S.K.: 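Take this structure first; my questions come after.
Treat the numbers as computed from the prediction; the structure is a model and nothing was measured. Order of appearance sets the numbers: ligands from 1, and atoms from 1 within every ligand.
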Amino acid sequence: MEKTKMLSLIMPAYNEEEVVEYSFECMDKAMKDIGYPYEIIYVNDGSRDSTMKKLRQIAKANPQVKVLSFARNFGHQLAVTCGMDAAKGDALIIIDIDLQDPPEVIKDLVKAWENGADIAYGKRLKREGETIFKKFTAFCYYRLLSAMSANAIPLDTGDFRLIDRKVADVFLKMREHNRFLRGMSAWMGFEAVPVEYVRHERYAGKTKYTLKKMLRLAFDGIIGFSDRPLTLATGVGGFVTALSLAGFVASLICSLTVGLAPWIWGLCGLGLLNGLTLLALGIQGAYMNRMYDELKGRPLYIVGETINLDKE
Ligand code: UDP
Ligand code: MG
């Protein structure tokens, strides 16, 4: 087997001081065992703890480790994007630093790639050590998303995956700000092969995905890959208009015949209509907000420091 090709392992890190060192040991060993030349790219996403200090030490002793450090927290999806931009490999592997995605599975992703897969993605058979709330919302969300989007986004997958260089090159051309990498990957097409694995508990520390960040990502997924919410607003609006018209006629007849006060109906109807109008406005606002982000055309992220990266 020719091993002249190179692999890039990409890991975003945000306040991960408890896991950085042990995670590096495990990842580096896993990469070494696979046998290809490799680089490990850490993207420090504006950590405020000693993550960067530890990354500096690791990179000093290990030339295969490259570090890009953001000027502030830009979020996981942009950190991964930055890693992809910097990667030189023939295949890029995206993995979380917290060892929830097991490093042993990397070799299975590589095997799928050697067998011709353009994308090999980790499919979670089981999620260990996560709250029932997270498991339940994730289960519902993936199904909702797949029902809404035009391109099939595989169920129960995260960003843990290997992508071939040609897929990475397409990513380099997609510069949208509100990114949902799984959706973008599905949108491109290419041959994607699932590799099943059990998602472990975090090695240490707490999740860095706050509820707010989760919701933002969830909306980016739906809004970026489906226009259904927009048409839904029209559909629901039409239905409610017809319903209120019928209600108006019915309450008019009732008030004329059995003497029911018409304003009770009117009040309920008004409340409902106002709620729906605001909902529709909110949906439009969410799309507009993201359009505005694109119009501004700002860079996706700002790198403040790099280590072991040759400037070209
Ligand atoms: N992460 C990041 N920026 C953020 C939040 C998270 O770079 O704003 C990184 C984090 O360090 C980890 C990965 O993204 O490597 C996944 O985050 P986490 O494990 O907290 O999410 P969960 O697995 O709980 O969904
Ligand atoms: Mg995690």
Side-chain angles (χ1 to χ4, degrees), residues 8-27 30 40-55 58 65-87 92-103 105-106 121-124 126-142 145 156-161 177-182 197-221 300-305:
S8 303
L9 187 73
I10 299 168
M11 270 181 279
Y14 177 52
N15 293 343
E16 300 283 10
E17 60 185 5
E18 300 103 324
V19 307
V20 172
E21 284 143 334
Y22 181 63
S23 168
F24 169 70
E25 274 172 39
C26 301
M27 299 286 179
I40 298 183
I41 301 177
Y42 286 101
V43 182
N44 171 38
D45 186 11
S47 300
R48 280 182 297 258
D49 62 0
S50 61
T51 300
M52 191 54 196
K53 198 172 136 217
K54 293 188 170 170
L55 287 177
I58 293 171
V65 171
K66 299 171 181 178
V67 183
L68 296 110
S69 183
F70 281 175
R72 65 165 168 86
N73 180 247
F74 279 87
H76 167 253
Q77 299 281 303
L78 289 172
V80 171
T81 303
C82 171
M84 287 184 187
D85 292 346
L92 279 51
I93 301 136
I94 295 138
I95 193 165
D96 285 354
I97 197 171
D98 60 4
L99 299 170
Q100 279 198 281
D101 308 324
V105 181
I106 299 175
Y121 61 92
K123 185 168 167 59
R124 299 160 181 168
K126 224 169 99 185
R127 302 165 77 111
E128 287 174 349
E130 284 184 308
T131 60
I132 303 227
F133 174 75
K134 172 115 183 203
K135 284 184 194 162
F136 178 72
T137 48
F139 180 87
C140 296
Y141 175 71
Y142 286 130
L145 182 64
D156 305 319
T157 63
D159 289 317
F160 177 36
R161 61 189 54 221
H177 286 69
N178 297 290
R179 299 167 87 78
F180 185 66
L181 297 170
R182 279 159 254 180
Y197 77 107
V198 174
R199 187 161 161 91
H200 294 318
E201 225 170 303
R202 217 174 209 284
Y203 166 65
K206 279 206 284 282
T207 177
K208 305 300 170 315
Y209 254 101
T210 55
L211 188 62
K212 196 171 149 201
K213 279 184 179 164
M214 278 310 280
L215 283 173
R216 175 84 206 184
L217 183 68
F219 280 115
D220 280 338
L300 295 185
Y301 52 79
I302 297 160
V303 176
E305 180 185 343

S.K.: Looking at the Mg ion (ligand 2), is one of the N, O or S atoms of Gln100 less than 2.8 Å from it?
M.R.: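 It does; at least one qualifying atom falls short of 2.8 Å.
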S.K.: Can you list, by chain and residue number, every protein residue with a non-hydrogen atom closer than 4.0 Å to ligand 1?
M.R.: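 Answer by chain and number: Pro12, Ala13, Tyr14, Glu16, Asp45, Asn73, Gly75, His76, Asp96, Ile97, Asp98, Gln100, Lys134, Arg199, Arg202, Thr207, Lys208, Tyr209, Lys213.
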S.K.: Applying side-chain hydrogen bond (donor to acceptor under 3.5 Å, both in side chains) between Tyr209 and each of Lys134, Arg216, His76, report the one that passes.
M.R.: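 One option only clears the test, and that one is His76.
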S.K.: Under a 4.0 Å threshold between the charged nitrogen and the carboxylate oxygen, would Arg202 count as salt-bridged to Glu18?
M.R.: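 Salt bridge flag = no for Arg202 with Glu18.
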S.K.: Between the side chains of Lys213 and Asn73, does any donor sit under 3.5 Å from an acceptor?
M.R.: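 A pair is found: one side chain offers a donor N or O, the other an acceptor, under 3.5 Å apart.
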S.K.: For the Mg ion (ligand 2), find the closest N/O/S atom belonging to Asp98 and write down its atom name.
M.R.: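 This turns out to be OD2.
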S.K.: Establish, for the pair Arg72 and Phe74, whether the NZ or CZ atom is under 6.0 angstrom from the six-membered ring centre and no further than 45 degrees off its axis.
M.R.: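 Yes, Arg72 and Phe74 form such a contact.
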S.K.: Less than 4.0 Å between a side-chain N and a carboxylate O, is that true for Asp220 and Arg179?
M.R.: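 No.
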S.K.: Salt bridge or not between Glu21 and Lys54? Use side-chain N to carboxylate O under 4.0 Å.
M.R.: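 Judged by the 4.0 Å cut-off on N to carboxylate O distance, Glu21 and Lys54 do form a salt bridge.
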S.K.: For the Mg ion (ligand 2), decide whether Asp96 has an N, O or S atom at a distance under 2.8 Å.
M.R.: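 So Asp96 does not bind the Mg ion (ligand 2) by this criterion.
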S.K.: Could you tell me how the ring of Phe24 sits relative to the ring of Tyr42: parallel (under 30°), tilted (30 to 60°) or perpendicular (over 60°)?
M.R.: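 Judged by the thresholds at 30° and 60°, the geometry between Phe24 and Tyr42 is tilted.
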